[in-house]
There are 2 protein chains.
Amino acid sequence: MNGTNRRRITSKELAKLAGVSSATISRAFSPNSRIGSATRDRILAVAREYGYQPNAIARSLNNQRSRLVALVVNAIGNPCEAEEQQLLIHRLQAHQLLPILLCCADHSDRLQLMRLASTYQVDHVVIFSDMVSMQDAVDIFHTTKPIIVSFEPLENEDVSNIRIDGAVGAGEIIDKIVSDGKRRFAYLSGTKSSWIDKLRRKWFADALARHGLAFEAEAFGDYSYDSGFKEAVLLLHRSKVDAVICGNDVMAIGARDAARRVLGKNTPGDIAIVGQDGIAMAAWDCNDLTTLSLDHVSFMDAVVEVIERHEAGDEGPHSITLACTPRWGSTA
Amino acid sequence: MNGTNRRRITSKELAKLAGVSSATISRAFSPNSRIGSATRDRILAVAREYGYQPNAIARSLNNQRSRLVALVVNAIGNPCEAEEQQLLIHRLQAHQLLPILLCCADHSDRLQLMRLASTYQVDHVVIFSDMVSMQDAVDIFHTTKPIIVSFEPLENEDVSNIRIDGAVGAGEIIDKIVSDGKRRFAYLSGTKSSWIDKLRRKWFADALARHGLAFEAEAFGDYSYDSGFKEAVLLLHRSKVDAVICGNDVMAIGARDAARRVLGKNTPGDIAIVGQDGIAMAAWDCNDLTTLSLDHVSFMDAVVEVIERHEAGDEGPHSITLACTPRWGSTA
DNA sequence: ATCGTTTGTGTAATCGTTTGCACAGCGATA
DNA sequence: TATCGCTGTGCAAACGATTACACAAACGAT
């Protein structure tokens, strides 16, 4: 009530005020506990009056459950991750779970940070970052089975994971581009070190192989627009490719801009450009990107489904596979 | 060490293993405590062997400091907020503070969520959302002085805030557009209910007034690309404006696309379009937006500066004002 | 040899909840 | 009336750390 009150009132103090014991206070706030409904109502009224709320830290210590979830991501800056995170956070909130966001560019910082979060006894861990090795994750959160978002079957069988498979969708996209007459393909990677990126590349490489083709040129960026732009300029200057598959949508937009602005080439006529992720921006009129898209809603539904099962005590491990589908735009 | 170990070891157990008391274990992990360096080294070695880390929940309960920070935002989906959040989270991590992200579309959910976070005894609260009334914030986090990001001097003098002022920058932009010969202005609002949006509009309205002009048309969106596109179509059909000031950059891009695609009008010749925020995307070649831009780095530096002072025990209130500056693109 | 100071360690209280156990009251059943 | 079961409440022990206090040992100075 009184906003200038500095200290928070405790259950013991409230107990005195309500003329009951602190145990009864606790029961008034626990849904299925043996307590007279008159007592409960009275306690809740007094609690409201004095602004009492049970201390979640103390409760967590007692319960051995913090209702905190650690989310390990590379960067919120990437619109794909931002869209997914927002969906996930909303869903977590519906379960009264609070997200702690760990986002980090540097690798050793990331491990440090994961260790820090693990001291908060998080109930769940979701790892979106392909920069974290599964062994590190399991070691650091050794009391919490992590949920890994991966792109291939995991070697460690004891970890729940969401697997994303774009092989079929990539095939459809390659088929279309080849049937449009393109033959000379390049792959513009998101990063050099990420195994996710290697796998994404493989989906397309395999599809090309079925047409007797292979990537003629390669380049490495960092998933950013600027790197997409810059690497595309270099790439298109040094080799005469007529189709570029990019590691994500943002880089694809950069590459498209580079082709148009620096090389004077238009899509899809002069050159085909393909993204990956299916971010909202890809569908904007100014972009209208052809991209290998993942449905973020079902993706996050899957993550939450695994969390729900873990909450219910069934630690699995659970594994869910999702397929990517093409979004057809005017760039390929 | 052993990744399959289910339960976490406690300081008391480690004490037994190391042949000391649990108090000594605690001291081994506290930087400035009286402990023999030989003992500390031995304890740290044993701790590493058994994978012991002090339990942050228990420590928080004892310390009365959780090292958690609640960030209240509207939506991560907005690239502006995403860029800012990422900067802020990185800086928090350097201070060993962990962010809890509260993001919510619905208003009552938001209050509910803020109440939930407050039970975790967060050490700091940063409110980015213009949908939260300051009184609600102060009431809910009554033991933690919140930091409010605002666009005008606060009526409640007891709250630290970061104030953002774009009056001068908006004036420069209007001057330029008027000197280019435009006279008929529209304002495309981000939301109907937000006081931030009203203030942003006022910066431009005041600047127009100095030229003896006023907004001829208004429309309301929801800060999204789609709403920018749709409202711009309606707006441009019903009135003959030659300049549109938008509530944020994303809507401006939508409006630009609408003008170009549906109305066949080009920027800046046929129509001037201006955004607000200064997100990275505004500078992309395909957008090259003229926008009233806020330097996100100094913005987040300011937030962290206030947090640092609060950490140091000086609860202020502190107030920092930042100015917006134009980014000149090819849309106005 | 004595005193004072410093250093290192243990004991026990504390932080604010939750929950198993005990028990009192009370209505129903035999 | 004695017994049983059920309900509502209090007592006290966790949960896992931190820290004020006490004290013993070590050391230097007199």
Side-chain angles (χ1 to χ4, degrees), chain A residues 5-44 46-47 50-68 96 116 118-123 143, chain B residues 6-44 46-47 50-68 96 116 118-123 143-144:
Chain A
N5 220 345
R6 225 61 202 103
R7 212 171 60 74
R8 211 172 276 268
I9 192 176
T10 72
S11 71
K12 205 163 289 185
E13 296 170 304
L14 191 73
K16 196 148 289 174
L17 290 166
V20 295
S21 76
S22 70
T24 305
I25 299 291
S26 170
R27 286 190 264 257
F29 283 88
S30 312
N32 298 324
S33 52
R34 296 205 322 207
I35 185 177
S37 58
T39 320
R40 164 173 280 151
D41 292 347
R42 184 162 48 87
I43 289 178
L44 292 183
V46 181
Y50 289 92
Y52 171 81
Q53 290 274 109
N55 181 325
I57 296 287
R59 169 188 292 156
S60 302
L61 178 59
N62 183 284
N63 283 351
Q64 311 279 64
R65 322 183 99 246
S66 63
R67 304 208 70 71
L68 295 173
Q96 301 265 305
L116 177 58
S118 87
T119 67
Y120 280 82
Q121 323 291 82
V122 292
D123 286 352
T143 61
Chain B
R6 224 60 202 100
R7 211 172 61 74
R8 209 172 277 271
I9 192 176
T10 71
S11 70
K12 205 164 290 186
E13 296 170 304
L14 190 72
K16 196 148 290 174
L17 291 166
V20 294
S21 76
S22 71
T24 304
I25 300 290
S26 170
R27 285 190 266 258
F29 283 88
S30 310
N32 297 323
S33 53
R34 296 205 325 206
I35 186 177
S37 57
T39 319
R40 163 172 280 148
D41 292 347
R42 185 161 47 88
I43 289 178
L44 292 183
V46 181
Y50 289 92
Y52 171 81
Q53 290 274 107
N55 180 325
I57 296 286
R59 170 189 290 156
S60 301
L61 179 60
N62 183 284
N63 281 351
Q64 311 279 61
R65 320 184 102 246
S66 63
R67 304 208 71 71
L68 295 173
Q96 301 264 304
L116 177 58
S118 87
T119 67
Y120 280 82
Q121 322 293 86
V122 292
D123 286 351
T143 61
T144 316

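Chain identifiers are assigned alphabetically (A, B, ...) following the order of the sequence lines, protein sequences preceding nucleic acid strands; residue numbering begins at 1 within each chain.
- Between I25(A) and V20(A), the closest side-chain pair of non-hydrogen atoms falls below 4.5 Å.
- The distance from the CD1 atom of I57(B) to the CG atom of N62(B) is 13.0 Å, given to the nearest 0.5 Å.
- One interatomic measurement links the two molecules: CD of E13(A) to C1' of dT17(C), which rounds to 13 Å at whole-angstrom precision.
- Helical stems involving DNA chain D, defined as 3 or more consecutive Watson-Crick or G-U pairs under 3.5 Å, span C:1-30 with D:1-30.
- Between Q53(A) and dG16(C), a side-chain N or O to OP1/OP2 separation shorter than 4.0 Å is absent.
- Atom C1' of nucleotide dA14(D) and atom CD1 of I57(B) are separated by 17 Å, given to the nearest angstrom.
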- Query: Do S60(A) and Y120(A) pass the side chain to side chain contact (heavy atoms under 4.5 Å, CB included) test, and can you show the C-alpha distance, the side-chain angles, and the key distance before you say yes or no?
  - Reply: CA-CA 10 Å; S60(A) 302; Y120(A) 280 82; over 6 Å; no
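- Backbone-only engagement by T39(B) is indicated by non-hydrogen atom pairs under 4.0 Å involving sugar-phosphate atoms exclusively.
- Summarising the geometry, the separation between CD1 on I35(B) and C1' on dG10(C) is reported as 12 Å, rounded to the nearest angstrom.
- K12(B) has its NZ atom 11 Å from the P atom of dT11(C), to the nearest Å.
- Note on L61(A): a base of the nucleic acid sits closer than 4.0 angstrom, heavy atoms only.
- A side-chain contact (heavy atoms from CB on, under 4.5 Å) with T119(B) is found for exactly one of R8(A), R59(A), Q53(A), namely Q53(A).
- Ring centroid separation for the pair Y52(B) and F29(B) comes in under the 6.0 Å cut-off.
- One atom, CD1 of I43(A), and another, P of dG8(D), lie 13 Å apart when rounded to the nearest Å.
- When distances are taken from the side chain of V20(A) to each of dG16(C), dG10(C), dG10(D), the shortest belongs to dG10(D).
- Of the two residues near DNA chain C, T10(A) and G36(B), the one whose nearest nucleotide lies more 5' is G36(B).
- If you measure from atom CD of Q64(B) to atom C1' of dG16(D), you get 15 Å, rounded to the nearest angstrom.
- In this structure, I9(A) places its CD1 atom 15 Å from C1' of dT17(C), rounding to the nearest Å.
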In B/S/- notation (B base, S sugar-phosphate only, - none; protein heavy atoms under 4.0 Å), nucleotides 18-24 of chain D written 5' to 3' is BB-----
task = Under the side chain to side chain contact (heavy atoms under 4.5 Å, CB included) rule, what do T10(B) and N55(B) come out as? Steps first, then yes or no, please.
result = CA-CA 8 Å; T10(B) 71; N55(B) 180 325; over 6 Å; no
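- Closest heavy-atom contact between L17(B) and I9(B): CD1-CD1, 3.7 Å.
- Here the CD-OG distance, from E13(A) to S22(A), works out to 11.5 Å after rounding to the nearest 0.5 Å.
- In this view, R67(B) and E311(B) satisfy the salt bridge (charged side-chain N to carboxylate O under 4.0 Å, His left out) rule, not counting sequence neighbours.
- Residue-level contact check: S21(B) touches the bases, meaning some heavy atom is under 4.0 Å from a base atom.
- Between the CG atom of N55(A) and the P atom of dT18(C) there is a distance of 9 Å, given to the nearest Å.
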